[in-house]
Amino acid sequence: MIRRGFARVAAATARLSGSLGAFVAALGVIITWAASGPAFHFNDTWQLVVNTGTTIVTFLMVFLIQHTQNADTAALHIKLDELIRVSKGANQELLNLESMEPTHLEEIRQRYEALAKTAADIKSKKERCMPCDGDSAAKA
């Protein structure tokens with residue numbers, strides 16, 4: 001129950017903190033703080049107020065946003081795994097890539113990089129051999 005409540009608070013906070021209203025509110029706080037400087041003679045306490053406030057907010061936001069990001073990433077992995085699982089001819093080795101050893105992951109990445117290069121080479125050769133219809137129509 002506590003986890004579910006924290007997840008809701010984290011998601012709502014992440015959503016709200018990225019909004020225009022949150023930006024305007026933060027900007028308003030900073031403008032108010034800066035405008036109050038002359039009244040406090042720009043003393044150390046005046047500076048400490050904004051430093052402490054921003055440090056606390058940043059510290060808490062790191063954990064809230066990371067929690068939300070973890071949940072979003074987990075959901076995305078599940079969706080991608082399902083798409084791979086149901087696709088005919090898909091490489092089932094790609095399921096759960098996130099839990100593989102880094103060396104194995106790098107081997108797979110290099111394999112797919114080579115496949116992409118091969119596909120680009122084939123496309124380039126095809127374009128040289130068979131010009132587009134628009135090109136041949138322009139020449140005629």
Side-chain angles (χ1 to χ4, degrees):
M1 187 160 121
I2 291 174
R3 285 184 186 201
R4 189 176 302 148
F6 176 71
R8 281 197 305 262
V9 168
T13 303
R15 199 171 34 256
L16 289 173
S17 67
S19 69
L20 176 62
F23 175 77
V24 170
L27 185 61
V29 168
I30 296 301
I31 289 171
T32 302
W33 170 79
S36 71
F40 293 100
H41 306 291
F42 300 101
N43 66 17
D44 291 343
T45 303
W46 172 79
Q47 292 179 12
L48 188 61
V49 166
V50 79
N51 290 341
T52 303
T54 56
T55 300
I56 290 169
V57 168
T58 301
F59 181 75
L60 294 174
M61 289 301 292
V62 165
F63 295 104
L64 291 173
I65 292 172
Q66 186 62 51
H67 175 80
T68 303
Q69 188 66 38
N70 289 348
D72 290 348
T73 301
L76 184 62
H77 282 280
I78 292 167
K79 291 173 184 179
L80 290 173
D81 286 348
E82 177 62 8
L83 289 173
I84 292 168
R85 189 187 66 76
V86 300
S87 297
K88 289 184 179 179
N91 183 353
Q92 299 294 312
E93 180 184 32
L94 299 179
L95 292 170
N96 294 319
L97 281 175
E98 64 278 2
S99 62
M100 286 185 182
E101 292 293 322
T103 53
H104 189 68
L105 197 58
E106 181 59 22
E107 290 171 10
I108 293 171
R109 188 195 64 74
Q110 288 175 357
R111 233 183 311 155
Y112 276 88
E113 193 172 276
L115 285 171
K117 184 177 180 341
T118 301
D121 291 345
I122 290 170
K123 181 181 179 199
S124 175
K125 287 177 186 176
K126 182 180 175 184
E127 287 173 351
R128 283 190 304 242
C129 294
M130 300 184 327
C132 294
D133 289 337
D135 290 344
S136 60
K139 291 178 184 175

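Computed from a prediction, not measured in an experiment: that's the story for all the values here.
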Trainee: Give me each pair satisfying ring pair (Phe, Tyr, Trp, His ring centres under 6.0 Å) with a member in residues 76-104, each pair once, sequence neighbours excluded.
Mentor: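 Not a single pair qualifies under ring pair (Phe, Tyr, Trp, His ring centres under 6.0 Å).
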Trainee: What residues form a side-chain hydrogen bond (donor to acceptor under 3.5 Å, both in side chains) with Q92, not counting sequence neighbours?
Mentor: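 Partners of Q92 by the side-chain hydrogen bond (donor to acceptor under 3.5 Å, both in side chains) criterion come out as none, since no residue qualifies.
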Trainee: Please give me the minimum heavy-atom distance between P38 and A35, naming the atom from each residue.
Mentor: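 It is CD-O, 3.2 Å.
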Trainee: Quick check on the hydrophobic clustering: are V49 and I30 connected, directly or via other members, by side-chain heavy-atom contacts under 4.5 Å?
Mentor: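 No, separate clusters.
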Trainee: Could you name each residue pair satisfying ring pair (Phe, Tyr, Trp, His ring centres under 6.0 Å) that touches residues 15-36, not counting sequence neighbours?
Mentor: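 Only W33-W46 qualify under ring pair (Phe, Tyr, Trp, His ring centres under 6.0 Å).
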Trainee: Does a sphere of radius 6.0 Å around CD in Q110 hold more than 12 heavy atoms from other residues, nucleotides or ligands, not counting ones at 6.0 Å or beyond?
Mentor: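 More than 12 heavy atoms, drawn from other residues, nucleotides or ligands, come within 6.0 Å of this atom.
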Trainee: Mind checking who shares a hydrophobic cluster with L95, ILVMFWY linked at side-chain heavy-atom distances under 4.5 Å?
Mentor: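 Same cluster as L95: I84, L94, L97, M100, L105, I108, Y112, L115.
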Trainee: Could you grab the distance from atom CG of L80 to atom CD of E98, nearest 0.5 Å is fine?
Mentor: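 Result: 9.0 Å between the selected atoms.
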Trainee: Can you name the closest pair of heavy atoms from L16 and A22 and give their distance?
Mentor: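 In this case the closest contact between L16 and A22 is O-CB, 3.1 Å.
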Trainee: When you look at CG of N43, are more than 12 heavy atoms from neighbouring residues, nucleotides or ligands closer to it than 6.0 Å?
Mentor: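 Enclosed: over 12 neighbouring heavy atoms sit under 6.0 Å from CG of N43.
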Trainee: What distance do E93 atom CD and E107 atom CD have between them, rounded to the nearest 0.5 Å?
Mentor: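 One gets 9.0 Å once the value is rounded to the nearest 0.5 Å.
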Trainee: For A120, is there any backbone N or O sitting under 3.5 Å from a side-chain donor or acceptor partner on S124?
Mentor: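 Here the side-chain-to-backbone pair does not exist.
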Trainee: For residues 57-66, which side-chain donor-acceptor pairs fall under 3.5 Å, sequence neighbours excluded?
Mentor:
residue : atom : partner : partner atom : Å
T58     : OG1  : T54     : O            : 2.7
Q66     : NE2  : N70     : OD1          : 2.8

Trainee: Can you list every pair that meets salt bridge (charged side-chain N to carboxylate O under 4.0 Å, His left out) and has a residue in residues 69-83, with sequence neighbours left out?
Mentor: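 Sorted pair list: E82-R85.
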Trainee: Any salt bridge linking K123 with E127? Criterion: basic side-chain nitrogen under 4.0 Å from a carboxylate oxygen.
Mentor: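 Looking at E127 together with K123, the answer is yes, because their closest N to O distance falls below 4.0 Å.
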Trainee: Is it true that E113 and K117 make a salt bridge, defined as a side-chain N closer than 4.0 Å to a carboxylate O?
Mentor: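 Answer for the salt bridge query: no.
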Trainee: Please report the closest heavy-atom contact between A14 and S17, naming both atoms and the distance.
Mentor: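 In terms of heavy atoms, the two residues are closest at O-OG, 3.2 Å.
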